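See structure below.
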Amino acid sequence: YRGMEDFTGKRGPQRNNYLLLAALFGIHVYFMLVQTSMAARTIAFTMGVLVFCLKSAWLLLHRVDPEMRPNTRLAGWLFGALSLFSLVRIIVDLVIPPGSDLFTIGFYDALVIMSYQMLLIGLTFSFSLMVNRRLVGDLERDILERKRAEAEKDLLEAQNRHLMKAESLGRMAGAIAHHYNNLLGVIIGNLELAINNLSRRMVVRENLDEAMNAGRRASKVTGMMLTYLGHVPGELEPIDLSEACRETLATLPCPLIARA
């Protein structure tokens with residue numbers, strides 16, 4: 001009974017079972033040594049079998065979890081049949097006197113032995129079937145869990161590859177921004193040299209000043225890109241929105257400014 005409780009995961013206190021076993025042992029010893037009676041010992045043994053089968057049938061048909069009942073139902077029914085047969089035997093032993101022809105010809109004992117053997121064979125088969133179903137169910141759950149774990153692993157690997165691609169793109173963008181910023185530095189430096197070598201009255205100087213301002217704004221844009229990518233530490237500073245708008249409008253074509 002303890003093994004069936006462990007199998008079903010419904011372990012309970014065993015004190016009552018130990019008390020029952022001790023009581024049956026005491027009754028058996030009493031009718032064997034103090035007041036010898038084979039019929040009383042048989043009835044006591046059958047009562048013990050009856051109680052054990054009833055507890056087992058209750059465990060396998062009622063106490064067990066609903067998802068496990070299809071596996072334990074056959075064994076529970078066989079324990080119920082064995083309980084019913086033991087009850088009938090107790091009633092027969094109590095009602096029919098020992099000297100009856102039913103006992104003297106040996107037919108009753110043969111029937112009892114044959115019935116017990118058939119029920120025990122059925123219980124053995126049902127236990128084997130119950131254990132095999134449990135093993136198959138555990139194996140199926142293990143396979144499903146393994147497939148689920150492999151699917152989660154594939155998903156994590158795909159996400160990791162995506163993150164690595166995004167990181168590589170960020171590094172590439174940072175390298176391009178660095179290279180672009182260096183080129184802008186060269187352009188701005190040459191423009192400064194050209195402006196310094198020109199007279200303030202020349203018209204081309206104004207064009208070079210606008211090119212210089214555009215280059216500086218482009219340098220600021222690349223700085224913002226580098227800050228966003230984490231290559232350059234960001235600095236918080238207040239900005240003048242009106243000045244930013246004026247600088248932006250100065251770079252737009254005249255038709256767009258008139259339309260706005």
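Fair warning: this is a prediction, and the values are worked out from it, not measured in the lab.
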Practice problem: Before giving the answer on side chain to side chain contact (heavy atoms under 4.5 Å, CB included), spell out for Leu20 and Val51 the whole-Å C-alpha distance, their side-chain angles and the decisive distance to 0.1 Å. | Solution: CA-CA 9 Å; Leu20 177 63; Val51 174; 3.2 Å; yes

Exercise. Kindly indicate, with the supporting measurements, whether the criterion side chain to side chain contact (heavy atoms under 4.5 Å, CB included) is fulfilled by Thr42 and Arg89.
Key: CA-CA 10 Å; Thr42 302; Arg89 184 184 180 186; 3.1 Å; yes

Exercise. Decide yes or no on side chain to side chain contact (heavy atoms under 4.5 Å, CB included) for Arg41 and Thr36, but give the supporting numbers first.
Key: CA-CA 9 Å; Arg41 293 200 301 270; Thr36 305; 4.1 Å; yes

Exercise. Apply the test side chain to side chain contact (heavy atoms under 4.5 Å, CB included) to residues Phe45 and His28: give CA-CA distance (whole Å), side-chain angles for both, the deciding distance (0.1 Å), then the verdict.
Key: CA-CA 8 Å; Phe45 175 78; His28 188 79; 5.6 Å; no

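In this structure, Phe25 is a member of the same hydrophobic cluster as Leu33, with clusters built from ILVMFWY side-chain heavy atoms closer than 4.5 Å. Under the 4.5 Å side-chain heavy-atom criterion for Ile, Leu, Val, Met, Phe, Trp and Tyr, Leu139 and Leu144 are members of distinct hydrophobic clusters. Placement of Leu94 and Phe31 in two distinct hydrophobic clusters is found when ILVMFWY residues are connected by side-chain heavy-atom separations under 4.5 Å, directly or transitively. Hydrophobic clustering of Ile, Leu, Val, Met, Phe, Trp and Tyr side chains at less than 4.5 Å, counting indirect connections, keeps Met114 apart from Ile121. Note on Val64: it does not cluster hydrophobically with Leu59, by side-chain heavy-atom contacts below 4.5 Å among ILVMFWY residues.
Within a 6.0 Å radius of CE in Met47, other residues, nucleotides and ligands contribute 12 heavy atoms or fewer. In the displayed structure, Met32 atom CE is contacted under 6.0 Å by more than 12 heavy atoms of other residues, nucleotides or ligands.
Put simply, the side chain of Leu61 reaches to within 4.5 Å of the side chain of Arg73, judged on heavy atoms. Taking 4.5 Å as the limit, some side-chain heavy atom of Arg63 sits within range of a side-chain heavy atom of Trp58. In this structure, Leu82 and Leu78 have side chains that are not in contact, with every pair of non-hydrogen atoms separated by 4.5 Å or more.
Leu50 contributes atom CG, which lies 12.5 Å from atom CD1 of Ile43 (distance to the nearest 0.5 angstrom). Taken to the nearest 0.5 Å, the CG atom of Asp154 stands 11.5 Å off from the CD atom of Gln159. Between the CD atom of Glu152 and the CD atom of Glu145 there is a distance of 10.5 Å, given to the nearest 0.5 Å. To the nearest 0.5 angstrom, Arg148 atom CZ is 11.5 Å from Glu150 atom CD. Between the CH2 atom in Trp77 and the OG1 atom in Thr72 there is a gap of 10.5 Å [rounded to 0.5 Å].
For the pair Ser86 and Thr46, the tightest heavy-atom approach, listed with the atom from each and the gap, is O-CG2, 3.4 Å. Listed here is the closest heavy atom pair of Leu60 and Ala75: CD1-CB, 3.7 Å. Between Gly48 and Leu24, the closest heavy-atom pair is CA-CD1, 3.3 Å. Of all non-hydrogen atoms in Ser83 and Cys53, the two that sit nearest each other are OG-CB, 2.8 Å.
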